[in-house]
Structures are given as C-alpha cells and as structure tokens.
*Asks:* 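Have a look at the structure that comes next, please.
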Amino acid sequence: MNYRFQNLLGAPYRGGNVLITQNTQLISPVGNRVSIIDLIKSQTITLPLQSSSNIRRIAASPDGTFLLTVDENHRCHFINIPRRVILHRINFKNTVNALKFSPDGKFIAVAAGKLVQIWRSPGFKKEFFAFELVRTIADCEDTVTAIDWSLDCKYLLVGSKDLAARLFCVEKLKDGILNKPFLFLGHRDNVVGCFFGYDKKNTDRVNKVYTITRDCYIFSWGYNGNNDGNFDENDEGNSDPASPGTPERDGEGSVNVVSLGNAKKRKDFDGKDLGEEGYLHKEKWERLRKDGFVQSPAKLTACDYHRGLDMVVVGFSNGVFGLYQMPDFVCMHLLSISREKITAAVFNDSGNWLVFGCAKLGQLLVWEWRSESYVLKQQGHYFDVNCLTYSPDSQLLATGADDNKVKVWTVSSGFCFVTFSEHTNAVTALHFMANNHCLLSASLDGTVRAWDLFRYRNFRTFTTPSSRQFVSLAADQSGEVICAGTLDSFEIFVWSMKTGRLLDILSGHGGPVHGLIFSPTNAVLASSSWDKTVRLWDVFEGKGAVETFPHTHDVLTVVYRPDGRQLACSTLDGQIHFWDPIDGLLMYTIDGRRDIAGGRLMTDRRSAANSTAGKCFTTLCYSADGSYILAGGSSKYICMYDVSDQVLLRRFQITHNLSLDGVLDFLNSKKMTDAGPLDLIDDVDSDTEEGVDKQTRAKLGYDLPGSMPNRGRPIIRTKCLRIAPTGRSFAAATTEGVLVYSIDDSFIFDPTDLDIDVTPEVCVLFVNFCEASKSLIFFSWKYLPWRMSDDWYVRSWQ
C-alpha cells in the first residue's frame, strides 16, 4: 500500500518553454510538474516535484544537471535532475518572462518585469541563502521578453516590449568608463528573440546580432570589429556628454566619483582608446538587413537560433513554422504542423532536431529537418479525461476524454502509440477484453465501438434502433456479451460480440445508468442508477432484474470485489455501501464525507468545512486482493479504505497546483471584489500580449444532480480510478491528467550505466593497485557480479 507518484500521462505539454539537454533529453513543463523525455530510449518520466502553480519558464544548466523552474506565482525551484530533488527556493517580485544560465553555468539571468537580474548560480552544498544577486539592470522601459548570453559570459543581449534590444556588458568596467548599453532600434513591434551571431572562422568571436520581432521581421546587425576608438560625439553607446567631477552611477546603482579631467579622453600614440578598447557595446553597430517572414496577419510567437549552423527557426500563431539559413535569409523549410499557435520552438545541441510545442492542443513534436521525419509526435487530450482502463497484462492503459478520442498508452514508457478518433462525441466508458488486443469504448454519440489493437482499426460498431447516449459499459468474462447503460432512456442494451446484433433491452431503472459491471464469477450483471437503486440482472436467462438493492440517495457507481462475493456502491450523501450479492444483505457502510471534504471553490458562498457540495465518491475501485478499496470524486483527495475494518488507511492529494480551483481550503479575502473573485476576472488579453495561451478546458460533459459548474478556472476532481490487475500500481483520471501511482520504485541507480569502460577486469586491476580514490568504481564493481552471475569475481573480491 506504499504507493508513490510515478508518472503523468495524457498531457505531454501545456505551455511555457521547452528545453533539450545533453542533445537527447527533452524537458517540458506540464502544469505544475516537469516531464523529461529520453528521445533515444523513447521513455518519459515526470519528476515527483510540484510547484505552487503552473510553471511559466524553465532553464537548464549547460551540463544538464540543474533545472530552474518559475511558476505563475513567481516562485522559483532549483532542482537537481539526476537526484530529482529541490535544492533551493526563491521568490521573485515580478513576472518572469525569460530565464537563462550563462554558458559557464556560474550565473543566471532572470527577466523579472522591466528588470534584468543576474544571480550567482547555487551549487551542491547546503547554504542558508544560496542565491546571490550580483547585478540588477534597470535600463529597459517595458517588460523584458528575451535574453541571450555571449559565449565568454561578458555580454548580455536583452529584448523587451519597448521595441528595442540592448547590449550590456556584465563585467564591471574600469573607472571612468560609463557602462551604458548599446541600443538596437528600428523595431515596430515587441522583440520576441535576440541572439548573438559568431564568426565562422573564430567561433568565439561575436560579429553580428539577430533580433526577431512579433510582426514577423528579423533584423541583422553587424560591425567590422576594426573600430579605431576615435572619439565620436554622436556615439550612441556614450550619448551622454561627459561632466568632469560629476558623480556617475553604474548599473548596480552605486555612485562612483570619477574625475575625467577633460571632456575628451586621452588616446595613446596609435589613436586607440585606452579605456574602451575591445568592448562590444562600445563598438559601431549598424543594421545590415531587414527581412520579413511574410506571414501576415499571423504573429511570430516562438523562435530560436543555432550558432553552429547559423540557422533560425520561427513559429507563428497560425501553426506554421519556418527554418532559415542566415545571414542570407534562405528559407529551408516552411510547413504547417498545427491548427493553433506554436508556443515553443527550439533546436537541440547538434542542430539536427527541432522541437515544437502547441499549448492549446497539448502537442509536442520533435522533427528531424534533414530527413524531414518525426522523432517524437505526442499529443495529450484536449479536454479532461473521463475514463480509463488497464489491459489484462497491466502493460497498456487506455483513456477516453471529452475531445471524442480514445488513446492507448504504454505504461512503462509513458508514450501514446495509437489514437482512435471515430467517435463524434465525448467518450464516457472503456473496457479491455480478456484477450488483451480488443478494446471497447462507449460514447455520447450513441455508439459502442470495438477496436483491434493489432491492426489499429474499428472492426465493429454497436448501435441502437434510436439514438441513445451511453455512459457505462461492461462485458462478460467470456467476451460474448456487451452491455451499455444510457443517460437519457434509462435502459441497458445487450449485444452479441460475434455478430453485433442487439440481443435484449433491459428496462426498469428510473434514472441514468452510470454504473455497470459483470460479476467475475458468474453471468450476473450489476447496474447502478440515479433512481437510488442497484439492480442485479441475469442476462443469459433473460429473466430481467433478479435482485434490487434500495438506497436513500442517488447511486453513482458500483463495483464488484475480484472474488465476486461483495458489491460496493457509492451514493450522493458520501457513503460507500457494501452488499452481499448472494444473500442480498447490507454488510457495512463507510461514511466518507469528512474524508473527501477539502478545497473551496472560488464561487462557493460557504467555507470548505460547512459546504456539502461535491462531498461524494463518483468512482470506486477494489484492490487486486479485495482487501482495500480506492475512492475518488470532486475533490483533491483520493481515499484508501480497509474493507474489513472500514477505516481510512491513506489519503492521496493529487495536486498542490493553485492554478486549479478547489485546492485551497481557505480563500484570501483580499482577492474578493464587488465584481467577484479577482482570479476569475480576465483583465489581460494573453493572446495578443504574451503570445502564449493557457490550455482551454471547456466543459462538454455532464454534471451530477444539483452541481454547478465553475465558469472560471478548471476544478480539481477525480473522474475515474483503476487498479492494475497486478496490483502494483493504480491510475487516476484527474484534471491534471492521468496520474500513475506505483509500489515499485522507478528511480533505481544502475551502476552499469556509469561508463562503458567500467568492466570487471578494470575493477580487479584497480583493486590490485589498492587505489582508494576509485571507490565509486569499486561500488559499481561490487554490483557487476550480481548482474552478471559470475562467481569468479566474487571470489577475487573476497
């Protein structure tokens, strides 16, 4: 029962920027979590760490060891990726729009509002306050949107919404030299990206600058690098007239009293300036060319530059991306990959892969531009996941959602390998057949479809004489009979799996049939309805309802224990009733209203303690041995109960994301206004200002009786729970996505992954030389015989 969070499925990307570290590790934010995809092994993991709200920006150190995440509440986490732990935390005062490590990894540039802050990067050691503010640059007139470091870490290129880009010198200059930035002017819209260009012969030498604007233009700036240093009164980099004896302020705000003597500084005999020699921001930059991407009226939303290939990739709001060879602006590719705006576009280290992200559709693509082929193509569900089910061997997981799609995932890798989109309305129920290669799905479009997982096609469709909306689905153990419950006619339809013919229609319920399940041991069908009853049906004999279990409130769901000797159902008053299906007796009841209570919605008039809304379980699932049961509903908790003792064993809080509604127990009264909660008032047009849309989660489903949908933020809830047939893991379909919890520890240190040179022979050689400094190799050598089952190495160690 020691379940721990293992992975997040169903949502590979939801906004923010993406990164590629070590050339093959793709890092993307998913809500308030971070997912790491190994593009070589085709495996994805989600770090067991959570931010307080949706992550807005991420940055990785050059070696890929450290990760910096900043969420919408300006809270920053400094994460050690190999150990998957948070080392340090810090809060910024303004919204962070750009974040980047210096190439040597010693500094971090943070664009917080109009300010650019340079922090010293923390390390492995524990410190009271690891972040040290080195410098604050306050020269920008509007929000900073882009940052780029030079390779020598001496210069910083900053783009902002004031239609200008600035070149700063990070180092403190000599006394008497004004540290004024050079301004790149002439833009007509916000600067989306700015990048340093390098000389092809001398790759460390900066000789050009590229600035990319939101109105689909790229500016190329350059200088000859042969500035003789002669004094020019019209120099933009030193536009302020010199005032002898006047205190000057440097970029950090400290006052330096400098006496220059004369207005014009002294020159040496070569005519070069002794003080300003070699500084890029003091050189004479000029605009070489201005090129347009010709995508009007679309806007440019994402861009990246690869200095080795001298290429630029750009993404637009109409779903088109372009790849251009600089400095001649030659179009290599111009393709459309999405219907919505591209919110992320980035190169990998070698430059052969392009990564694109679309936040609104949840798309994440990796494209190899030379061979024009996809390396990775993943897309999550557009709306909330309604239902899920495990395959009999626990290797596959199928999900259905309000976006009319059925997706099948590999649990071990976390990848979706097939998507079925034939349904025309929300998918409400799923069921895997016992043969492991057939999947059934029920939908509100009035069809039940059977999918072949070998040929990836819909090989059978079950329909009714008149259109109905199906909300529940079940199949017997032999796989010969398929049953589906309806939302509108309150009937249960029975089909033959082999012929697809409608065999029978079971009537008797007076409300929507939301729960349907066959007994694991016999052919008895159990159904639950909002008419406050649970009915047992003998499908093969055709006798109709053979038993009825009455309740005092609407019954929401019903499940059988794996041995078939117990039946559990949840009601609208928050209770779980356990029945003996053989004798028809009520065994015991669990009152879970206090257990699932928690979380206050923004529109609630009462506190979480006094509110009765949502305090019920909408999904139940027995463990593999039937000793405990999992329960979830419209709450941030998943409850685990011991069946025999009727006690609460554990509560899982599925998220701490404050961007979702229903996470906080106490609301902040300062955010309540006459027009309603401040969080529900959209006073910023994110589509035009930021260029990054939040994922849209419109509501296409249905509500429980008496419930009121929240028209503001997404509400945290658990719609479906399923335990794997092996009992080692369970999955929960939540607002955050499909959360997988497992007993098995997925984070295993494997010594054989240290290096290819770590062999038993090499380790024995080090042992003979008695080199204590090779303790790490000794540690790996100690485990190698166990992995290789070789007794000779064990005897040699002894």
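When a residue number appears, it is its place in the shown sequence, counting from 1.
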*Asks:* In terms of relative ring orientation, are F417 and Y456 parallel, tilted or perpendicular, with 30° and 60° separating the classes?
*Replies:*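 It falls in the tilted class, 30° to 60°.
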*Asks:* For the atom pair CG (N386) and OG1 (T428), what is the distance rounded to the nearest 0.5 Å?
*Replies:*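 Interatomic distance, N386 CG to T428 OG1, rounded to 0.5 Å: 7.5 Å.
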*Asks:* Given the side-chain rings of F316 and F321, with only the six-membered ring counted for Trp, is the space between their centroids under 6.0 Å?
*Replies:*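 No.
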*Asks:* Go through the steps to decide whether F490 and W530 satisfy the test ring pair (Phe, Tyr, Trp, His ring centres under 6.0 Å), and finish with yes or no.
*Replies:* CA-CA 9 Å; F490 315 148; W530 290 358; 9.1 Å; no
*Asks:* Keeping the roles fixed (side chain from R457, backbone from D452), state whether a donor-acceptor pair exists under 3.5 Å.
*Replies:*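 Looks like no, no N/O pair under 3.5 Å.
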*Asks:* Donor-acceptor pair, distance only, cut-off 3.5 Å: does the side chain of T486 make one with the backbone of Q469?
*Replies:*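 Not a single qualifying donor-acceptor pair exists.
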*Asks:* Does S28 use its side chain to pair, donor to acceptor, with the backbone of Y13 at less than 3.5 Å?
*Replies:*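 Flag not set: sc S28 to bb Y13 has no pair under 3.5 Å.
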*Asks:* What's the spacing between T424 OG1 and L444 CG if we round to 0.5 Å?
*Replies:*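 The OG1 atom of T424 sits 9.5 Å away from the CG atom of L444.
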*Asks:* With no hydrogens and no angle check, just 3.5 Å: does a side-chain donor-acceptor pair link H514 and S529?
*Replies:*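 On atom types as modelled, these side chains do not qualify, holding no pair under 3.5 Å.
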*Asks:* Say whether E736 and T734, considering side chains only, have a donor N or O and an acceptor N or O under 3.5 Å apart.
*Replies:*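 Result is no, nothing qualifies.
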*Asks:* Do K407 and T399 have side-chain N/O donor and acceptor atoms under 3.5 Å apart?
*Replies:*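 Side chains of K407 and T399: no pair found under 3.5 Å.
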*Asks:* Going by atom types alone, do Y390 and T726 pair a side-chain donor with an acceptor below 3.5 Å?
*Replies:*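 Checked: Y390/T726 side chains show no N/O donor-acceptor pair below 3.5 Å.
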*Asks:* Fit a plane to each ring of H423 and W451, take the angle between them on a 0 to 90° scale, and name the class: parallel (under 30°), tilted (30 to 60°) or perpendicular (over 60°).
*Replies:*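 H423 and W451: perpendicular rings.
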*Asks:* Under the 3.5 angstrom rule, does the side chain of Q363 hit a backbone N or O of Q378 as a donor-acceptor pair?
*Replies:*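 No; judged by distance alone, with no hydrogens or angles, the pair does not exist.
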*Asks:* Less than 4.0 angstrom from a charged side-chain N to a carboxylate O is my criterion; do R650 and D595 meet it?
*Replies:*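 No.
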*Asks:* Checking T735 against D384: is there a side-chain donor and acceptor pair closer than 3.5 Å?
*Replies:*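 No.
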*Asks:* Knowing that exactly one of L440, L397, L439 qualifies, which makes a side-chain contact (heavy atoms from CB on, under 4.5 Å) with T389?
*Replies:*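 By the side-chain contact (heavy atoms from CB on, under 4.5 Å) criterion, T389 pairs with just one of L440, L397, L439: L439.
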*Asks:* Applying salt bridge (Lys or Arg N to Asp or Glu O under 4.0 Å), run through D665 and K636 and close with a yes or a no.
*Replies:* CA-CA 10 Å; D665 291 330; K636 61 180 177 179; 3.4 Å; yes
*Asks:* Please answer whether the main-chain N or O of F617 pairs with a side-chain N or O of S570 as donor and acceptor at a distance below 3.5 Å.
*Replies:*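 Here the side-chain-to-backbone pair exists.
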*Asks:* Return yes if a side-chain donor-acceptor contact under 3.5 Å exists between Q43 and S413, otherwise no.
*Replies:*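 Their side chains do not contain a donor-acceptor pair, so the 3.5 Å distance test is not met.
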*Asks:* Think R651 forms a cation-pi with Y637, using NZ or CZ under 6.0 Å from the six-ring centre and within 45 degrees of its axis?
*Replies:*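 Yes; both conditions hold, so R651 lies above the ring face of Y637.
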*Asks:* Report yes or no: does D71 contribute a side-chain atom to a donor-acceptor pair with the main-chain N or O of N73 at less than 3.5 Å?
*Replies:*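 Looks like yes, one N/O pair under 3.5 Å.
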*Asks:* Can you tell me if D403 and H381 form a side-chain donor-acceptor pair at under 3.5 Å?
*Replies:*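 Indeed, the side chains of D403 and H381 share at least one donor-acceptor pair under 3.5 Å.
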*Asks:* For residues 29-36, which side-chain N or O atoms pair as donor and acceptor with protein atoms under 3.5 Å away, sequence neighbours left out?
*Replies:*
unit_1: N32; atom_1: ND2; unit_2: Q50; atom_2: OE1; d: 3.0
unit_1: N32; atom_1: ND2; unit_2: S51; atom_2: O; d: 3.0
unit_1: S35; atom_1: OG; unit_2: T46; atom_2: OG1; d: 3.3

*Asks:* Do T718 side-chain atoms and G632 backbone N/O form a donor-acceptor pair below 3.5 Å?
*Replies:*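 Not confirmed, T718 side chain does not pair with G632 backbone.
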*Asks:* Quick one: does N404's side chain have a donor or acceptor within less than 3.5 Å of a partner on E422's backbone?
*Replies:*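 Answer holds: no.
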*Asks:* Take T301 and T343, measure what side chain to side chain contact (heavy atoms under 4.5 Å, CB included) needs, and give me the verdict at the end.
*Replies:* CA-CA 6 Å; T301 55; T343 55; 5.8 Å; no
*Asks:* E340: which residues meet the side-chain hydrogen bond (donor to acceptor under 3.5 Å, both in side chains) condition with it, sequence neighbours left out?
*Replies:*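 Applying side-chain hydrogen bond (donor to acceptor under 3.5 Å, both in side chains) to E340 gives none.
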*Asks:* Closer than 4.0 angstrom, basic N to acidic O: yes or no for R57 and E72?
*Replies:*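 No, no charged N to carboxylate O under 4.0 Å.
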*Asks:* Look only at the side chain of D554 and the backbone of T571, and say whether a donor-acceptor pair between them is shorter than 3.5 Å.
*Replies:*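 No: the side chain of D554 does not pair with the backbone of T571.
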*Asks:* Distance from L364 atom CG to I37 atom CD1, nearest 0.5 Å?
*Replies:*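 If we round to the nearest 0.5 Å, L364:CG and I37:CD1 are 5.0 Å apart.
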*Asks:* Counting N and O atoms only, with roles assigned by atom type, does the side chain of N436 sit under 3.5 Å from a partner on the main chain of C438, one being a donor and the other an acceptor?
*Replies:*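 No, because the side chain of N436 does not come within donor-acceptor range (under 3.5 Å) of the backbone of C438.
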*Asks:* Quick one: do R468 and E491 satisfy side chain to side chain contact (heavy atoms under 4.5 Å, CB included)? Show the steps, please.
*Replies:* CA-CA 9 Å; R468 295 288 185 265; E491 298 170 327; 4.0 Å; yes
*Asks:* Is the ring centre of Y622 less than 6.0 Å from the ring centre of Y560?
*Replies:*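 No, the ring centres sit 6.0 Å or more apart.
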*Asks:* Going by distance alone, is a donor N or O of one side chain under 3.5 Å from an acceptor N or O of the other, for T655 and N657?
*Replies:*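 No donor-acceptor contact under 3.5 Å links the two side chains.
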